[in-house]
Amino acid sequence: MPHHRFGEGPRAEEGFGMAEITKRSDDYSRWYQDVIQAAELAENSPVRGCMVIRPNGYAIWENIQRTLDDRFKELGHVNAYFPLLIPKSFLAKEAEHVEGFAKECAIVTHHRLKQVTVNGKTTVVPDPESKLEEEYVIRPTSETVIWDQYRKWIQSYRDLPILINQWANVMRWEMRTRMFLRTTEFLWQEGHTAHATAEEGRAETLQMLEVYRWFAEDILAMPVVCGAKTANERFAGAVETYSIEAMMQDRKALQAGTSHDLGQNFAKAFDVTYQDAEGKVEHVWATSWGMSTRIIGALIMTHSDDNGLVLPPRIARTKAVIVPIWKNDEEMAAVCAAADRIAADLKASVGLIHVDKRDKMRPGWKYAEWEQKGVPVRLELGPRDLAEGQVMMAARHDRAKNPVKFADLGTALPAELERIQADLFAAAVKRREEATVNVDTWDEFVKLYEGEGGFAHCHWCGDGDCEKAIQEKTKVTIRNLPFERDETVGTCVHCGEKSIGRVLFAQSY
RNA sequence: CGGGGCGUAGCGCAGCCCGGUUAGCGCGCCUGCUUCGGGAGCAGGAGGUCGAGAGUUCAAAUCUCUCCGCCCCGACCA
């Protein structure tokens, strides 16, 4: 079997040339890959599990970075950069942390290659002479290097809080990878803060989770459920882990951001203490929080359709594309001039508007291409429109198409972008609500996940072994204990013991 | 790492079972002309160590073995 299906399908048989996208209903994961390829977001690299993020994909990441970074800074955080390589011994300092990451670390053992000739062929091997005394681990996350520095930076309560974020790449040697969702190397931001009190640390953890909720819902139009992870699902070394959980179009859950209350675990492991106003020496309180390129996968799977990528306007680099239509050079000059004027006039108020002047491609081809690439709005401008003083404005997500007078465009286009943003969010909320149920019996539970799946709010006893048993039997996990949940005591959907109330179950990415 | 599928031009494929000159087809790409309001038409053209290595043979894309890679499904995870 080929792993891509471009060129197939009914249209391909008719001789059309553009990339074909597998329908969601035919093969959801193939569809996901096709959308990524058609929109030119990313490609596989020569290294298994790694990916090349192409300009269209990276533009999304740049907007994510800009938006989050601005918000972090508004809240008083500053950026810094810590190194890629971590002394192996650092990782061993926090017991749970080692256990959590040991299995997926890449290790640097040598610092030099050597040319050798085997069977007449020249190749390179690690030079045995260059073996490192202390091996390095490529960071799977940076708590350890950062806390080793924080020890040096913190002596007094006057040094606190430390509110540092870094934008970086990390590596986790995953067995199975999927573009954006789980790659061996990925990009993220990781915030690492240090506080004088437990309350302050806890407040920071929750504040940053709220930033992620805001970002997912208001910017990405992706509704999320905020809540606390169970002990089993907690970050290695955290006292409490909180997550935002989104639902994809295949009804599976995706953890889109996490925020950890690390308590004093890392401060103790790295001996980071401070002296308070009374002169008492205490370990500091820590948090960490992250959002990664995985969110781009979530974005794709939340909004895109069988025609390709759909991007919410607030995260799209190109807000609109103008497709000029002409029959001859004279018309071309006229419509292109008008298109340029519109793009220039609206740049400040709307953002980037691309004018697609490519010759040799007909308008219909361009419409289809820009649809695949997810540009929220298309403006069609031909000689007839020019005569009428209007453009045809078409929305990517619902294909609504209407004429708009040039004079009205300055208000109509921003309004249309807002309508799209709101529609996408509403549609995602609706999809989620329709796929969310309360389930009270084990039979129903099993039936739900043998069938369509979705989010299920169920009573749970609070026992980790029971949670694991459920996972082993059904592949379904507790996504989190939502902040807004039914805490009425009932009986556990699995074991029948007294429950701690309802928690959120789903199959997940 | 287990099960399944698959590597032939940039992409998608045929050819392989049954070995035989110069390895085809569609799309894309390049040139030209006509086109241009939802995936254009015609003409000409460029492009291949058939995943890698070894073996069998007069002869290998085709048969055998080994290796590498990719995709899907599992076990692990953000």
Side-chain angles (χ1 to χ4, degrees), chain A residues 1-20 22 27-30 32-34 37-38 43-49 100-104 119 121 140-141 170-188 190 229 232-233 235-236 241 243-245 253-260 289-295 297-298 307-308 323-329 331-332 335 358-372 378 380-386 388 391-392 394 399 401 403 471-472 475 477 508-509:
Chain A
M1 271 300 284
H3 42 272
H4 293 298
R5 291 201 172 171
F6 298 128
E8 290 186 6
R11 281 181 162 170
E13 284 161 22
E14 290 160 20
F16 293 98
M18 199 177 287
E20 281 300 308
T22 305
D27 185 338
Y28 190 80
S29 58
R30 182 98 61 192
Y32 176 71
Q33 293 186 109
D34 287 354
Q37 183 164 342
E43 283 174 3
N44 280 315
S45 82
V47 178
R48 179 193 164 77
F101 287 108
K103 287 169 291 186
E104 47 193 33
N119 301 331
K121 280 188 187 162
T141 178
V170 291
M171 284 200 117
R172 295 181 189 176
W173 215 269
E174 301 289 350
M175 289 176 181
R176 202 176 143 199
T177 59
R178 252 146 123 25
M179 290 266 195
F180 292 110
L181 298 177
R182 182 168 297 105
T183 47
T184 301
E185 178 188 15
F186 58 95
L187 306 182
W188 75 348
E190 45 180 327
K229 285 290 194 182
N232 285 338
E233 298 273 330
F235 175 73
T241 288
S243 71
I244 55 171
E245 302 282 337
L254 191 147
Q255 180 174 309
T258 51
S259 187
H260 314 291
W289 25 274
M291 186 173 271
S292 74
T293 37
R294 179 179 228 213
I295 196 79
N307 297 318
V323 178
I325 299 155
W326 64 77
K327 283 193 176 64
N328 52 50
D329 289 353
E331 286 180 355
M332 179 172 112
V335 291
R358 289 174 298 175
D359 201 353
K360 318 224 160 156
M361 273 167 203
R362 300 162 90 224
W365 196 93
K366 294 179 181 178
Y367 299 169
E369 188 188 27
W370 291 110
E371 277 172 7
Q372 288 191 339
R378 180 182 67 245
E380 305 168 7
L381 179 59
R384 290 207 294 274
D385 296 308
L386 207 53
E388 302 275 341
V391 293
M392 295 302 294
R399 295 198 168 195
K401 186 156 139 179
Q471 179 172 5
E472 277 164 27
K475 313 294 174 212
T477 51
S508 74
Y509 277 97

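Lettering of chains follows the sequences in order, A, B, ..., and the numbering in each one begins at 1.
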What is the nucleic acid contact for [X], judged by heavy atoms within less than 4.0 Å: base, sugar-phosphate only, or nothing?
{"X": "A:K229", "value": "nothing"}
{"X": "A:M332", "value": "nothing"}
{"X": "A:T183", "value": "base"}
{"X": "A:Q255", "value": "sugar-phosphate"}
{"X": "A:R378", "value": "base"}
{"X": "A:F235", "value": "nothing"}
{"X": "A:L181", "value": "base"}

For [N] and [M], measure between their [atom1] atoms and round to the nearest Å.
{"N": "B:C27", "M": "B:G69", "atom1": "C1'", "answer": "25 Å"}
{"N": "B:U31", "M": "B:G20", "atom1": "C1'", "answer": "38 Å"}
{"N": "B:C76", "M": "B:C17", "atom1": "P", "answer": "43 Å"}
{"N": "B:A61", "M": "B:A52", "atom1": "P", "answer": "11 Å"}
{"N": "B:A75", "M": "B:G3", "atom1": "P", "answer": "16 Å"}

* **Whole angstrom value for the distance that separates C1' of B:A40 from CH2 of A:W365** =>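 These atoms are roughly 13 Å apart.
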* Should A:M291 and A:I244 count as side-chain neighbours, where that means a heavy-atom distance under 4.5 Å? ->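 Yes - at least one pair of side-chain heavy atoms lies under 4.5 Å apart.
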* Closest nucleotide among B:A78, B:G37, B:G38 to the A:R384 side chain ->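 Selected nucleotide: B:G37.
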* **Candidates B:A78, B:G32, B:U35 - which lies nearest the side chain of A:D359** =>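 My answer, after comparing the listed nucleotides, is B:U35.
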[N] - base-pair partner by Watson-Crick or wobble geometry, distances under 3.5 Å:
{"N": "B:C70", "answer": "B:G5"}
{"N": "B:A14", "answer": "none"}
{"N": "B:A54", "answer": "B:U64"}
{"N": "B:A23", "answer": "none"}
{"N": "B:G44", "answer": "B:C30"}
{"N": "B:G38", "answer": "none"}

Checking [X] now: which residues fulfil ring pair (Phe, Tyr, Trp, His ring centres under 6.0 Å) with it, not counting sequence neighbours?
{"X": "A:Y509", "answer": "none"}
{"X": "A:F235", "answer": "A:H97, A:F101, A:H260"}
{"X": "A:W370", "answer": "A:H354"}
{"X": "A:W326", "answer": "none"}

* RNA chain B: 5'-proximal contact among A:Y509 and A:E380 (nearest heavy atom) ->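 Going by which nucleotide is closer to the 5' end, it is A:E380.
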* To do: Mind running side-chain contact (heavy atoms from CB on, under 4.5 Å) on A:E331 and A:I325 for me, showing each step along the way?
  => CA-CA 8 Å; A:E331 286 180 355; A:I325 299 155; over 6 Å; no
* **salt bridge (charged side-chain N to carboxylate O under 4.0 Å, His left out) partners for A:K327, two or more places apart** =>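 A:K327 satisfies salt bridge (charged side-chain N to carboxylate O under 4.0 Å, His left out) with no residue once adjacent residues are dropped.
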* Phosphate-side-chain proximity, A:N44 and B:C71, N/O vs OP1/OP2 below 4.0 Å ->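 Yes.
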* Looking only at side-chain N and O atoms, does A:R362 come under 4.0 Å of OP1 or OP2 in B:A40? ->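 Yes.
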Protein-nucleotides 72-75 of chain B N/O pairs closer than 3.5 Å?
| unit_1 | atom_1 | unit_2 | atom_2 | d |
| --- | --- | --- | --- | --- |
| B:C73 | OP2 | A:R176 | NH2 | 2.2 |
| B:A75 | OP1 | A:K475 | NZ | 2.3 |

* To do: Would you sort out whether A:T184 and A:E104 count as a side-chain contact (heavy atoms from CB on, under 4.5 Å), showing the intermediate values?
  => CA-CA 9 Å; A:T184 301; A:E104 47 193 33; over 6 Å; no
* Does A:E371 get its side chain close enough to the base of B:G38, under 3.5 Å, for a donor-acceptor pair? ->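 For A:E371, whose side chain was compared with the base of B:G38, there is a donor-acceptor pair (under 3.5 Å).
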* Show your working on salt bridge (charged side-chain N to carboxylate O under 4.0 Å, His left out) between A:R378 and A:E369 and close with a plain yes or no. => CA-CA 11 Å; A:R378 180 182 67 245; A:E369 188 188 27; over 6 Å; no
